[in-house]
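In what follows, a structure is listed as structure tokens, so that the remarks can point back to it.
Bear in mind that the values here come from a model prediction, so they are computed numbers and not experimental data.
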Amino acid sequence: MFVAVVLIPNLLSILYFGWLASPVYTSSASLLVLNPKQNGPSLSSLLSGASGDSSEQGGYILKEYFKSWDAFSRLEPRLKLADNFTTGDLVSRFGGFATAFQTSDVALWRYLQRKVEITIDQKSGIVSMDVDAYDPAYAHRLAAALLAEAVAHMDKMNDQQTGDFVKNAVARKASIEAALQRDLTALAAFRNRTGTYDPKELYLSNLALMNSLALKATELKSQREAVAAATPGNPQADNLATATQSVRGDIATAARTFPAMARSSSRYEKLLVSRDNNITLLAQANMAVQEAQANAEKNRYYLNVISNPSEPMTSEGPKRLTWICGIMLASLLLWGLLR
């Protein structure tokens with residue numbers, strides 16, 4: 001039992017971690033994702049000890065992207081991940097015991113996820129990124145490429161959110177502006193065709209003319225009747241009768257224009273109502289665009305790099321002595337329980 005539980009595992013751990021395990025180099029970077037419009041602690045965040053602003057949420061967005069298939073598919077053609085990850089020892093390398101000798105793209109994606117470690121500080125929201133590789137220069141290249149992809153991804157998210165919020169509002173504003181322009185063009189064509197700026201004013205003017213003519217005709221009629229009663233056969237009465245008939249003719253001529261003016265006024269009022277409605281709608285659309293832009297800014301994230309990816313000079317793994325001592329302690333405890 002001692003040989004099986006203690007001796008063999010410790011000899012294997014000393015053999016592997018002492019001679020066979022490949023050195024692992026780590027490139028580290030730290031960054032912060034902020035949304036200035038959403039910053040501000042809440043009661044729940046204060047009670048939980050979290051940062052209380054958008055930096056923590058942005059950090060988790062970034063963490064999910066670093067481990068996503070999208071990030072992997074963008075990096076693999078440029079960095080040839082499999083070529084580097086197969087240079088390690090038989091146990092830890094890609095295509096060895098670590099991946100159960102699988103070499104598919106899914107296995108490579110899962111292997112990359114284990115090589116990228118993301119930690120988020122709950123209080124400050126600072127994101128720390130550690131990228132492991134078997135070559136120091138390659139670890140730095142991989143970390144820098146991930147960081148560049150993260151910046152591009154954040155910009156793409158911001159553009160998409162801006163489009164989602166603003167696109168419909170701007171399209172509606174453009175549609176209303178086009179309708180208003182059509183109304184103004186129709187009003188100008190109407191005025192050119194009819195020769196009147198406002199049919200309503202013309203109607204009121206003609207109505208006032210008819211009223212004045214009617215008063216004039218009544219006055220002339222009264223004068224004729226008075227002259228005829230005072231001096232029968234007076235030629236002045238005939239003149240007044242002729243003037244009265246002339247005024248009544250003018251009234252009839254003015255009255256014949258009212259149906260045409262009514263039709264013209266109806267068309268004009270329809271154009272005027274459409275124009276005024278579109279002016280009101282345009283004002284509302286301008287407010288909607290401003291609100292959409294404000295909402296887009298509220299959901300915009302900014303990625304601030306605190307420290308760029310480091311260029312490791314010495315390996316940080318595997319932690320040989322820690323593993324050897326840990327396996328020795330665990331095997332001794334197990335042997336003590338079993339004997």
Side-chain angles (χ1 to χ4, degrees), residues 22-35 54-88 92-96 98-121 125-167 296-297 299-312 315-317:
S22 300
V24 177
Y25 299 88
T26 302
S27 179
S28 301
S30 57
L31 50 143
L32 186 65
V33 182
L34 289 176
N35 186 328
S54 64
S55 57
E56 184 182 358
Q57 179 184 358
Y60 282 108
I61 293 174
L62 206 59
K63 181 177 181 178
E64 291 300 318
Y65 178 73
F66 279 142
K67 294 183 177 293
S68 67
W69 177 266
D70 187 32
F72 164 76
S73 62
R74 291 177 180 274
L75 291 173
E76 166 58 17
R78 293 188 287 117
L79 296 180
K80 305 298 181 183
L81 299 173
D83 293 344
N84 179 267
F85 289 152
T86 55
T87 59
S92 63
R93 72 185 182 189
F94 171 68
T99 58
F101 299 100
Q102 296 181 9
T103 57
S104 64
D105 54 350
V106 176
L108 181 59
W109 173 41
R110 299 298 183 189
Y111 188 84
L112 174 65
Q113 290 179 339
R114 295 198 295 269
K115 292 297 181 181
V116 179
E117 182 179 357
I118 305 296
T119 56
I120 302 173
D121 188 283
I126 294 176
V127 180
S128 299
M129 178 180 68
D130 295 324
V131 179
D132 297 335
Y134 297 113
D135 178 72
Y138 189 83
H140 175 262
R141 283 180 55 205
L142 181 56
L146 278 170
L147 196 57
E149 287 296 333
V151 173
H153 179 67
M154 281 294 174
D155 291 341
K156 184 178 179 181
M157 282 183 57
N158 290 333
D159 292 341
Q160 182 179 0
Q161 289 174 351
T162 301
D164 291 342
F165 281 107
V166 179
K167 182 179 180 181
E297 287 296 325
N299 289 274
R300 180 177 289 272
Y301 287 96
Y302 298 90
L303 194 153
N304 298 326
V305 178
I306 299 174
S307 62
N308 288 306
S310 60
E311 299 182 19
S315 63
E316 295 189 18

Parallel, tilted or perpendicular: which describes the rings of Phe85 and Tyr134, with under 30° parallel and over 60° perpendicular?
perpendicular
Spacing of CG belonging to Asn84 relative to CZ belonging to Arg141, to within rounding of 0.5 Å
9.0 Å
Give, for atom CG of Asp83 and atom CG of Asp135, the distance between the pair rounded to the nearest 0.5 Å.
12.5 Å
So, taking the atom named CZ in Phe72 and the one named CG in Leu112, what distance separates them when rounded to the nearest 0.5 Å?
7.0 Å
Interatomic spacing from OH in Tyr138 to NZ in Lys80 - rounded to 0.5 Å
10.0 Å
Check: Ser30 main-chain N/O paired with Ser307 side-chain donor or acceptor under 3.5 Å:
yes
Applying side-chain contact (heavy atoms from CB on, under 4.5 Å) to Ile61 and Val33, what does each step give before you reach the verdict?
CA-CA 9 Å; Ile61 293 174; Val33 182; over 6 Å; no
Quick check: closest heavy atoms across Thr99 and Arg93, and the distance to 0.1 Å?
OG1-O, 4.5 Å
Trp109 side chain to Lys67 main-chain N or O, any donor-acceptor pair under 3.5 Å?
yes
Are Ile120 and Leu62 packed together at the side-chain level, in the sense that at least one heavy-atom pair is separated by less than 4.5 angstrom?
no
Check step by step if side-chain contact (heavy atoms from CB on, under 4.5 Å) holds for Val127 and Met129.
CA-CA 7 Å; Val127 180; Met129 178 180 68; 5.5 Å; no
Would you compute the distance between atom CZ of Arg78 and atom CG of Leu142 and round it to the nearest 0.5 angstrom?
10.0 Å
For the pair Ser27 (side chain) and Ser310 (backbone), establish whether a donor and an acceptor sit closer than 3.5 Å, ignoring hydrogens and angles.
yes
Which pair of non-hydrogen atoms, one from Trp69 and one from Asp105, has the smallest distance, and what is that distance?
CH2-OD2, 3.7 Å
Quick one: CG on Asp130 to CD on Glu316, what's the gap to the nearest 0.5 Å?
7.0 Å
Are any of the side-chain heavy atoms of Pro312 and Thr26 separated by less than 4.5 Å?
no
Would you check, one step at a time, whether the test side-chain contact (heavy atoms from CB on, under 4.5 Å) holds for Phe66 with Val131?
CA-CA 11 Å; Phe66 279 142; Val131 179; over 6 Å; no
Determine, stepwise, if the pair Met157 / His153 fulfils side-chain contact (heavy atoms from CB on, under 4.5 Å).
CA-CA 6 Å; Met157 282 183 57; His153 179 67; 3.5 Å; yes
If every non-hydrogen atom of Ala82 is compared with every non-hydrogen atom of Phe94, which pair is closest and at what distance?
CB-CE2, 4.1 Å
